[in-house]
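Atoms within each ligand, like the ligands themselves, are counted from 1 in listed order. These values consider heavy atoms only, across backbone and side chains, with no hydrogens, waters or symmetry-generated copies.
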Amino acid sequence: MTKFLLTLHVLVAIVAVGPVTVAASMFPPAVRRAHTEEAEVGTVRLLHRVCRIYSGVGIAVPVLGLATAGAMGVLGDGWLTASIALTAAAAGVLAAFVLPRQGELLEELAGQGGVEHRSTVQLAMFTGVFNLLWATVTVLMIVRPGSTTGA
Ligand code: HEM
C-alpha cells in the first residue's frame with residue numbers, strides 16, 4: 001500500500017507540478033511578446049489555463065504525500081515537517097500571487113492591449129519563488145536529512 005501511495009504521489013508531482021512550472025515560467029515572456037502580436041494573447045490565455053487547471057490537480061500531491069507519510073509512520077519526522085511547511089508556502093505563493101496576477105495581466109492585455117513591463121518582472125519573481133520552494137521540497141524528499149530509514 002505504501003509503495004502504491006508513494007508511486008501515485010510522485011506521479012502526480014511530475015504530471016501536475018511539471019506543467020505548472022513550465023507554463024508559469026513561459027507566462028511573463030509571453031505577455032511581453034503579446035504587446036506586438038495579436039495571436040499571442042491566445043497563448044497567454046492557454047498558459048494561464050494550464051497553470052490554473054494543473055494547480056488544482058496538484059492539490060493531490062500533498063494529500064497523497066500525507067497518506068504516504070501516514071502509512072510509513074514518518075509523520076513526526078523533521079524533514080517531513082519542513083517539507084509540509086515549504087509545500088504550504090509554495091501553494092500560498094501560487095494561489096495568492098502567481099495565479100491572481102496572471103489573471104490580472106491577461107485582463108489588461110485583452111482590454112487595453114498592453115501591460116507595464118514592471119508587472120511582468122514582478123510576476124516572474126513570484127514564479128521563481130514558487131519554483132524554488134517546490135524544488136527545495138523535492139530535494140528534501142530525496143535526501144531526507146536526519147532520517148534513519150532508507151538511503
Ligand atoms: C505535504 C507535502 C508532502 C508530504 C507530506 C510528502 C510526503 C512524502 C513521503 C512520506 C515520501 C516518501 C519518502 C521515503 O521514501 O522515505 C515522499 C517522497 C517523494 N516526494 Fe513528497 N511529500 C510532500 C510534497 C511533495 C512535493 C511538493 C513534491 C514535489 C513537487 C514531492 C516529491 C516527492 C518525490 C519526488 C518523492 C520520492 C523521493 C524518493 O523516494 O527518493 N513531495 N513524499
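Cluster membership check: Val17 does not share its hydrophobic cluster with Val15, using side-chain heavy-atom separations under 4.5 Å among Ile, Leu, Val, Met, Phe, Trp and Tyr. There is no path of hydrophobic side-chain contacts, each under 4.5 Å, that joins Leu66 to Ile59. When hydrophobic clusters are built by joining Ile, Leu, Val, Met, Phe, Trp and Tyr residues whose side-chain heavy atoms come closer than 4.5 Å, directly or via intermediates, Val121 is not grouped with Phe130.
Those atoms of ligand 1 with a heavy atom of Trp79 less than 4.0 angstrom away are 13 (C). Close approach of ligand 1 to Ile84 (heavy-atom distance below 4.0 Å) involves ligand atoms 1 (C), 5 (C). Near Thr138, the atoms of ligand 1 lying under 4.0 angstrom from a non-hydrogen atom of the residue are 29 (C), 30 (C). Of all atoms in ligand 1, listed by their number and element, those nearer than 4.0 Å to a heavy atom of Pro62 are 1 (C), 2 (C). Here is the list of ligand 1 atoms found below 4.0 Å of a heavy atom in Val137: 24 (C), 25 (C), 26 (C), 27 (C). Set against the non-hydrogen atoms of Leu80, the atoms of ligand 1 under 4.0 Å away are 5 (C), 7 (C). Distances below 4.0 Å separate heavy atoms of Ala69 from the following atoms of ligand 1: 10 (C). Atoms of ligand 1 lying under 4.0 Å from any heavy atom of Val61, numbered from 1 in the order shown and given with element: 25 (C), 26 (C), 27 (C).
For Arg144, a nitrogen or oxygen atom sits less than 3.5 Å from a nitrogen or oxygen atom of ligand 1, counting backbone and side chain alike. For ligand 1, the polar-atom distance check finds no N/O of Thr87 at less than 3.5 Å from any of the ligand's N/O atoms.
In terms of heavy-atom proximity, Ser25 sits nearest to Pro29 at O-CD, 3.5 Å.
Listed by chain and residue number, nothing satisfies the salt bridge (Lys or Arg N to Asp or Glu O under 4.0 Å) test with Glu108 (two or more places apart in sequence, or in another chain).
To the nearest 0.5 angstrom, Leu140 atom CG is 9.5 Å from Leu80 atom CG. To the nearest 0.5 Å, the span separating CG on Leu105 from CD on Gln122 amounts to 9.5 Å.
Heavy-atom proximity to atom 36 (C) of ligand 1, evaluated over Val10, Thr81, Ile14, Leu11, is greatest for Val10.
Within the 2.8 Å limit, Met141 places at least one N, O or S atom next to atom 21 (Fe) of ligand 1.
The backbone N or O of Val98 lies less than 3.5 Å from no partner atom in the side chain of Arg101, so there is not a single donor-acceptor pair.
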